[in-house]
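Take a look at the structure below.
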Amino acid sequence: MTLDLARPRATPWLDPAGYWAGLGRATAELDPPFGVLSLEALAWNAHSLLDRAAGTSIRVVTKSIRVRAVIDAVLALPGFSGVLAYTLPEALWLAEEVPDVVVGYPTTHRAAIRTLAGSPLLAGRVALMVDAVEQLDLIDAVVPPAGRESIRICIELDASWSAPLLGHFGAWRSPVGTPAAARALAEAVQARPGFALVGLMAYESQIAGLVDDAPGRAVFSALVRRAKLASIPELAERRALAVAAVREIAELEFVNGGGTGSIESTAAEAAVTEIAAGRGLVGPHLFDHYRSFLPAPAVGFALDVVRKPREDIAVALGGGWIASGVTGADRSPITAWPPGLRLTPREGAGEVQTPFTGPGARGLGIGDRVFLRHSKAGELSEHLSELAVVSGGRVAARVPTYRGEGRAFL
Ligand SMILES: Cc1ncc(COP(=O)(O)O)c(C=O)c1O
């Protein structure tokens, strides 16, 4: 089934109580735990990304979704093109249908490299990420150039920022940080048989991925905003020089940059031809805390209350789906509905049961439903085999996650 992402007219999530109650009514017949996706909220988020990108093409970041029906629906919208996959086995699987796949991280998966190297179709569709010649050596050792299809290569430029006093901002990714280093690697790729340099990527996670309006963390948020302001021009200049240097060596098909959190600044750079984005489609609760945009909460999950140890405490079965990254309270799911529920400080989102307190807990009885939101996008799909897609107040489809299709990539 193709999910239709026409731009919605209404924005019911702006009234959270009514929105989640509506999702609750639509899914009342389903047994928890289950995931729910509002098609209208997803569509609104997709169009909001397109509006923010203002004409720059958006490559869909699959790790932030991990549901093929959703990836396909987004790709059907003009303005979205190609996917940024997170492993080569995933990329090969997606490339059976998607003609333009870039693997966002280097790979050492030998079996998948063999499959890629032996298939004209896949080799024409999938590009591998490289930031060192040793990664090229590894590919050659698995399948020598003479016996394989030409492998499409994307060079990753480091996009992090070194603050004068505070040091490194951004993810530790590529050792290639300067235009000269990018050019040297481009020359190395072009000099070797069996490779074709087609792209350059630089992901500014310190701009795209750092929350800059975190509740209760005013000083940290102000610091992040200053770091972003300083990092944006530094990267724009360095990326433009690196792209120009690499374009002297190879005709690049694409220059990828950014993420959901940096669309405006990334799109403003003339050297960038496309932006990678995924989280903004889903609207996980960490994304409630950016200054410049607010995605609709398109995805949630439901649990049932199964016991009441006290009148003011309701205990649901399940809950402990904690997000990856630096461990902290912001990695926990938050309650979305009914209003007035809190996790307890001693148990948090529990392993197989989660106690809720707060004024809303009194009104909950056995069999009553609680909706929660995951902290990050994509990871919820690792816990569920399908999502219930709600549209027009009813379950319009049930779509499998990667897990539901028997796939676990990372
Ligand atoms: C290479 C790369 N580009 C872009 C993104 C941004 O993705 P999202 O929009 O889902 O935050 C990520 C996320 O980690 C990434 O690793």
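Just follow the structure's listing: the first ligand is 1, and inside any ligand the first atom is 1. When reading the values below, keep in mind they use all heavy atoms of this one structure, side chains included, and skip hydrogens, waters and symmetry mates.
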Interfacing atoms of ligand 1 (cut-off 4.0 Å, heavy-atom, [X]):
| X | result |
| --- | --- |
| L84 | 1 (C), 2 (C), 3 (N) |
| G278 | 8 (P), 9 (O), 10 (O) |
| M201 | 1 (C) |

- [ ] Using distance alone, with no hydrogens and no angle criterion, decide if H109 and T87 have a side-chain donor and acceptor under 3.5 Å apart.
- [x]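 No donor-acceptor contact under 3.5 Å links the two side chains.
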
Task: S231 side chain to E204 side chain, donor-acceptor N/O pair below 3.5 angstrom - done: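 Distance-only check fails for S231 and E204.
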
Task: Any E156 heavy atom less than 4.0 Å to ligand 1 - done: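 Checking ligand 1 against E156, which is what was asked, there is no heavy-atom contact under 4.0 Å.
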
Open item on the list: Below 4.0 Å from ligand 1: does a non-hydrogen atom of G258 turn up there or not?
Closed with: yes

Open item on the list: Within the supplied structure, the quantity of interest is the number of heavy atoms (other residues, nucleotides, ligands) at a distance under 6.0 Å from R226 CZ; does it exceed 12?
Closed with: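 No, the 6.0 Å shell around CZ holds no more than 12 heavy atoms from other groups.
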
Task: Location of contacts on R59 toward ligand 1, heavy atoms closer than 4.0 Å - done: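 None of R59 does.
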
- [ ] With W13 as reference, evaluate W337, W20, W44 under the ring pair (Phe, Tyr, Trp, His ring centres under 6.0 Å) test and give the passing residue.
- [x]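 By the ring pair (Phe, Tyr, Trp, His ring centres under 6.0 Å) criterion, W13 pairs with just one of W337, W20, W44: W44.
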
Task: Proximity of Y402 and W93 rings by center, below 6.0 Å - done: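 Yes, they do, as the ring centres are separated by less than 6.0 Å.
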
Open item on the list: Taking E90 first and then R407, would you say they form a salt bridge - that is, a charged N and a carboxylate O separated by under 4.0 Å?
Closed with: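 Between R407 and E90 there is no salt bridge, as every charged N stays at least 4.0 Å from the carboxylate O atoms.
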
- [ ] Taking only Lys NZ, Arg NE, NH1 and NH2, and the carboxylate oxygens of Asp or Glu, determine whether R173 and D158 approach each other closer than 4.0 Å.
- [x]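 Between D158 and R173 there is no salt bridge, as every charged N stays at least 4.0 Å from the carboxylate O atoms.
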
For [atom], the protein heavy atom that lies nearest, with its residue and separation:
| atom | result |
| --- | --- |
| atom 14 (O) of ligand 1 | K63 CE, 3.0 Å |
| atom 7 (O) of ligand 1 | V61 CG2, 3.6 Å |
| atom 9 (O) of ligand 1 | T260 OG1, 2.6 Å |
| atom 11 (O) of ligand 1 | R279 NE, 2.5 Å |

Open item on the list: On a heavy-atom basis, I'd like to know which of Y86, F287, Y105 is closest to atom 16 (O) of ligand 1.
Closed with: Y105

Open item on the list: Check whether S262 reaches the backbone of S265 with its side chain - one donor and one acceptor, N or O, closer than 3.5 Å.
Closed with: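 Checking the backbone N and O of S265 against the side chain of S262, no donor-acceptor pair under 3.5 Å is found.
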
